[in-house]
Protein chains: 2
Amino acid sequence: MSASDLFLADCPARTTLALVGDTWSVVVIMALGEGPRRYGEVLERIGGISKKMLTQTLRRLERNGLVDRDGADYRLTALGSSLLDVVGALARWAEEHTDALVDAQAAA
Amino acid sequence: MSASDLFLADCPARTTLALVGDTWSVVVIMALGEGPRRYGEVLERIGGISKKMLTQTLRRLERNGLVDRDGADYRLTALGSSLLDVVGALARWAEEHTDALVDAQAAA
DNA sequence: CAGTATCCTATCGGATACTG
DNA sequence: CAGTATCCGATAGGATACTG
């Protein structure tokens, strides 16, 4: 079914998955999904992120072509926007199922 | 728009996001999405995963109510299945946009 | 077969202080 | 304002060997 098999070790899709496999990428993408933002705006929008991690996350997203940068102005690229939908679904799931997750943890 | 705001630092959805914020959770969920599997089957299905990480990932998913366990038989719970759709979309995105990602990295 | 135990390195991520 | 530099602890993750 899949052209490239996610279950293969050398599959590039694995690398791609790793892109969102960290604490902040998803949240930063969501933040920029609201529109172009300046560094300081993103920093304020996202509670708890440090300047270090914000810079680091933005640089990686930029390096992977998901974010476009002009000085301190950041915005999603077309590629980044296409990820926004997927990531949005993930965030929505997270928000909707938080109770169930918390319950499960408590029961364990 | 969102009941719980993903951008707030103390939002439980953040914790939930962290659940898939690692290398293996998504792949393991995809693997179990194909049906109930035994430990060794999952290990063989997923290239490159170590026994240590498989066990660790399965335990965490179990603790969070996404995976049900009976001895060495594992399967997704209803909650886990609901995540499968979302995670599937993510995996599909990863597979579809691999080329663009690779190009972007090369250009950088 | 299904793990556990141990060791090791790399990365994650926060705190703080500094710079142009 | 928009970072960079440095230090620190915690976790991720691989390799290998061992156990019932």
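Atoms considered below: every heavy atom in the structure, side chains included; atoms not considered: hydrogens, waters and symmetry mates. Note on naming: letters A, B, ... go to the chains in the order of the sequence lines (proteins, then strands), and numbering restarts at 1 for each one.
Atom CD1 in Ile29(A) sits 14.0 Å away from atom CH2 in Trp24(A) (nearest 0.5 Å). One distance of note links OH of Tyr39(B) with CD of Glu44(B); it measures 12.0 Å at 0.5 Å rounding.
Straight-line distance from the CG atom of Asp70(B) to the P atom of dG3(C): 11 Å, rounded to whole Å. Rounded to whole Å, atom C1' of dT4(D) lies 12 Å from atom CD of Gln56(A). The nearest whole Å value for the distance from the CH2 atom in Trp24(B) to the C1' atom in dA12(D) is 12 Å. In this structure, Leu54(A) places its CG atom 11 Å from P of dG14(C), rounding to the nearest Å. Residue Ile49(B) contributes atom CD1, which lies 11 Å from atom C1' of dG14(D) at whole-angstrom precision. Rounded to whole Å, the distance from CD1 on Ile46(B) to P on dG14(D) is 11 Å.
Of the candidates dC1(D), dG3(D), dG14(C), dC1(D) carries the atom nearest the Arg38(A) side chain, counting heavy atoms from C-beta on. When the nucleotides dC12(C), dG14(D), dT4(C) are ranked by their closest atom to the side chain of Met53(A), dC12(C) comes out on top. The side chain of Lys51(A) lies closest to dA2(D) when the candidates are dG3(C), dA2(D), dC7(C).
Annotation for Gly65(A) and Thr77(A): closest pair O-OG1, 2.6 Å, computed over non-hydrogen atoms. Looking at every heavy atom in both residues, Gly47(A) comes nearest to Arg14(B) through O-NH2, 3.3 Å.
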Residues Met30(A), Leu6(B); criterion side-chain contact (heavy atoms from CB on, under 4.5 Å); working and verdict: CA-CA 9 Å; Met30(A) 291 291 289; Leu6(B) 187 65; 4.0 Å; yes
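Contact annotation: Arg37(A) does not reach the phosphate of dA2(D) (side-chain N/O to OP1 or OP2, under 4.0 Å). Distances shown here put every side-chain N or O of Tyr74(B) at or beyond 4.0 Å from the OP1 or OP2 atom of dA2(C). Arg59(A) has no side-chain polar atom (N or O) that falls below the 4.0 Å cut-off from OP1 or OP2 of dA2(D).
Pairs of Watson-Crick or G-U wobble type, with distances under 3.5 Å, assemble into runs of 3 or more in DNA chain C at these ranges: C:1-20 with D:1-20.
Residues passing the side-chain contact (heavy atoms from CB on, under 4.5 Å) test with Ser25(B) are Asp22(B), Thr57(B), Arg60(B), Leu61(B), sequence neighbours excluded.
Remark: the backbone N or O of Ala94(A) is not paired with any side-chain donor or acceptor of Arg92(A) at under 3.5 angstrom.
Place Ala72(A) and Lys52(A) on DNA chain D by their nearest nucleotides, and Ala72(A) ends up nearer the 5' end.
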